[in-house]
Amino acid sequence: MAAPATGGAAQGRGAPSFQRKVPAGSSRLAAIAGTRPAARHGQLLLSSGLPSLDCVLGGGLAVGTLLLIEEDKYGVYSNLLFKYFLAEGVVCGHDLFVASAKELPTNILKELPAPLLDDNYRNELGEATAVKSEDFQDFMKIAWRYQNLPKVEVSPTSSARFGHYYDVSKTMSSELLQSIKCHSFFLPEELSLQPTIKMCNMNCGYARLLQSIQKIIYQEGFDGSHPQKKQKNVLRIGIQSLGAMLWGDDICSTDNPEDTHSLTKFLYVLRGLLRKSLSACIITVPAHLIQNKAIMERVTNLSDVVVGLESFIGSERETNPLYKDYHGLIHVHQIPRLNSLICDVSDTKDLAFRLKRKLFTIERLHLPPDLSDTVSRSSKQDLAESAKLLSSGCGAMAIGKKHLDF
Amino acid sequence: MFAELNELLNASPQRPEQGKFTLLRDTRTDGSFLVHHFLSFYLRAGCKVCFVALLQSFSHYNIVAQKLGVSLTAAKERGQLVFLEGLASCLDMLFGEEEEEQAGQPRPLRFISESTSDLRALFDFVRTSLAPAAGDAWPGRVLLLDDLGVLLSLGASPVAVLDFIHYCRVAVCSRLQGNVVVLAHGGEDSEDEENELVVTSLCHHSDLILWAEGLATGFCKDVHGQLKIIRRASLQPGGERDVLQTYQYKIQDKNVTFFARGLSAAVL
């Protein structure tokens, strides 16, 4: 009885004493648009542009980390992921830094996919789920034991507010782009502007790119060096086809390259820059062209998230009936354990992607049912290979040594 | 520090061993939980620790150490922990102001920018930070290195790395009766020959090897990997065989549980 009285007196109002008074300016860190804190370690997460990829990565890409994409053979889908990342930055209002050696960054930005308005997408999704729910309302006659089990989600669910969906068939309007600060780095232009510099015996193109990134981070205050400036924002860095011949590096063309350490030194310094600033980076690397596999191992160790794309274009899997629903496979080679002993990794290790009409989704790989008359499949060899794939695609936790037949 | 791992290693913070070289290996999985274990173990044991952290930032280790009950900021302030953050040091070196160079600031990662590929500057840093100083309250000395593959990726030759480790062992293990703990990645079927060379060579010289491997059968939710503990009794006079023990482990938020192979809690 004394407590409520004093509580009431302290507040000076008729409010009940158990009401917690929220201090003015309660948020210590003003929330940055397009980010959310991770559930486990409170780290800020960004969306990678694909909600299904965010689920695979455990919620999103952490600020200060590097997403490395091993390109598929013709670079079609890795380019798409690259554009999704940048488009997400535009929609969330983040700053962009686009670096490329083969395409003008302004051209890349002109071809970003347009964001899907919520109404349109919900209508489409609503049609699909309405059909599905009708099926499942049928009473199960044979498999009645499974009636009460929850429905298996094929594509990982996610909240639409954090990630957005994009329509690949339309390009983003230029009004959206005008409101965003875009910094660009086009290697042939940069090399012609200034004389070559020497930094750590690194390849000249990489050194110039590092200088450029560091200058932007410092000048725009992403590393907290100008605290009195405007509201905090995130810098999304996109580097296209790093390690390719056009960057002046010969690791893609020969087994014994002249300088095996340029790329790894670059990644190390970039990691340092990312860790101390509010930025995230996506890099696509033509891994299938790098013949010296030791370099790819070191690159993987120096990156945070490593995702490999394997598309079926041009391979014999394109016509394989086992994979008829999908356009390729996704291998998650590494997921970082940041600020924690464990990482949030999904249990699904066998992932495939498909580009259906407008949307790019990543789903668990399902083998289609065997509806042939014969007992065994005609493509027995393919089945064994795909089964080997299923048992060995293990990503973050552990990778099995050989296919054990159960 | 993980209590179960202490029991398996027969180690206790009250009486840490002296003059030992421990090699942490991992193959097909991430063995950095062992680094966190040894860091908090030696800080609890009251040793002075020089931590050369090349791969992650200070806040990463600090947050994990807090979960294990040790505060790295407090240890740094009272001088028990000397922390070299490789990423920050490299950035200062490359993009730092000119005045810092002239002021004679130590640049332990000098080998990245200069053509000499020896790790002398890094060794000098280690030696000065662990040198016995007047009024030192910590009896033991420990060098912790995370991880060795980064040195190779940054341009150091394998011979230079082995020389550096050799000098560190002489300085820390022999002269100061301290311990050295090094983490190295690499597997049997790895294509990185330089890394394999360094790791194999270190295996022959270490007193204790903790080898974290992924399961041969692939990913499992309840068993995250397998840990081989190899005690190099063959290095002791007497010429006995090495003792090899294998356990499986599961990593949780604040702890790692170890159990005999096939006896994980999910199975029992």
Side-chain angles (χ1 to χ4, degrees), chain A residues 40-42 64 198-202 207 210-211 214-215 218 259-265 267-269 271-276 292-299 301-302 334-343 345 347 349 390-404 406, chain B residues 27-30 32-33 36 54-57 59-64 67-68 85-91 93-95 112-115 147 149-150 152-155 185-195 213-221 223-226 251-256:
Chain A
R40 182 177 301 283
H41 43 69
K198 263 298 184 186
M199 188 201 284
C200 324
N201 306 325
M202 211 189 301
L210 278 175
Q211 256 194 350
Q214 193 268 341
K215 199 170 71 165
Y218 178 69
D259 184 5
T260 47
H261 297 121
S262 268
L263 183 59
T264 43
K265 280 185 197 170
L267 285 176
Y268 189 73
V269 181
R271 189 185 175 103
L273 284 172
L274 291 175
R275 286 286 195 270
K276 73 161 205 181
N292 188 346
K293 292 299 166 200
I295 297 183
M296 251 347 269
E297 283 185 23
R298 291 179 184 178
V299 163
N301 282 338
L302 286 173
Q334 184 171 276
I335 289 189
R337 299 176 190 212
L338 292 166
N339 300 335
S340 158
L341 286 169
I342 44 181
C343 51
V345 62
D347 283 343
K349 300 294 170 191
L390 288 176
S391 73
S392 66
C394 296
M397 293 296 184
I399 300 177
K401 203 156 77 168
K402 47 190 187 284
H403 168 61
L404 292 174
F406 282 97
Chain B
T27 307
R28 297 188 303 263
T29 186
D30 187 11
S32 52
F33 68 96
H36 296 298
L54 297 173
L55 205 53
Q56 300 281 8
S57 60
S59 56
H60 166 85
Y61 295 106
N62 196 16
I63 294 178
V64 182
K67 290 189 185 167
L68 300 182
E85 187 173 342
L87 294 169
S89 168
C90 185
L91 283 183
M93 199 175 65
L94 294 180
F95 301 116
I112 303 178
S113 62
E114 289 172 14
S115 48
D147 68 56
V150 175
L152 290 171
S153 304
L154 289 175
H185 299 294
E188 288 140 353
D189 48 358
S190 148
E191 302 256 350
D192 193 347
E193 287 169 0
E194 292 184 351
N195 196 28
E213 289 179 298
L215 294 177
T217 44
F219 169 70
C220 173
K221 211 165 52 158
V223 179
H224 293 161
Q226 175 173 285
I251 304 180
Q252 291 153 341
D253 193 29
K254 293 189 184 181
N255 194 16
V256 177

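Chain naming here is simple, since letters A, B, ... match the order of the sequence lines and numbering starts at 1 in each.
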Hey, could you give me the CG/OH distance between B:Leu55 and A:Tyr268, rounded to the nearest 0.5 Å? 7.0 Å
Note: vs chain A, highest number of non-hydrogen pairs under 4.5 angstrom among B:Gln56, B:Lys254, B:Glu193 is B:Gln56
Report yes or no: does A:His261 contribute a side-chain atom to a donor-acceptor pair with the main-chain N or O of B:Ser153 at less than 3.5 Å? no
Calculate, to the nearest 0.5 Å, the distance between atoms CG and CG belonging to B:Asp192 and A:Asn292 respectively. 8.0 Å
Highest number of heavy-atom pairs under 4.5 Å with chain A: which of B:Gly86, B:Gly186, B:Ala88? B:Gly86
Under 4.5 Å from any heavy atom of chain B - which part of A:Leu263: neither
Report yes if the side chains of B:Ile251 and A:Arg337 come closer than 4.5 Å at any heavy-atom pair, otherwise no. yes
Smallest separation among heavy atoms of B:Phe95 and A:Leu210, with atom names: CZ-O, 4.1 Å
Distance check, rounded to the nearest 0.5 Å: A:Lys265 atom NZ versus B:Cys90 atom SG? 9.5 Å
A:Lys215 NZ: over 12 foreign heavy atoms closer than 6.0 Å: no
What part of B:Asn255 gets within 4.5 angstrom of chain A, counting heavy atoms only: side chain, backbone, both, or neither? backbone
Which pair of non-hydrogen atoms, one from B:Ser190 and one from A:Glu297, has the smallest distance, and what is that distance? OG-OE1, 3.0 Å
Indicate yes or no for a side-chain donor-acceptor contact from A:Arg298 to the backbone of B:Leu154 under 3.5 Å, with no hydrogens or angles considered. no
Would you call A:Leu341 and B:Lys67 a side-chain contact if the rule is heavy atoms closer than 4.5 Å? no
Should A:Arg275 and B:Ser59 count as side-chain neighbours, where that means a heavy-atom distance under 4.5 Å? no
Run the salt-bridge test on B:Glu85 and A:Lys276 with the 4.0 Å N-O cut-off and return the result as yes or no. no
Segment of B:Ile112 engaging chain A (4.5 angstrom heavy-atom cut-off): both
Atom pair CG (B:Leu94) and CD (A:Gln211), whose distance is rounded to the nearest 0.5 Å: 10.0 Å
Indicate the atoms forming the closest heavy-atom contact of B:His60 with A:Asn339, along with that distance. ND1-N, 2.9 Å
Just verifying a value: how many Å separate B:Leu152 CG and A:Thr264 OG1, rounded to the nearest 0.5 Å? 10.0 Å
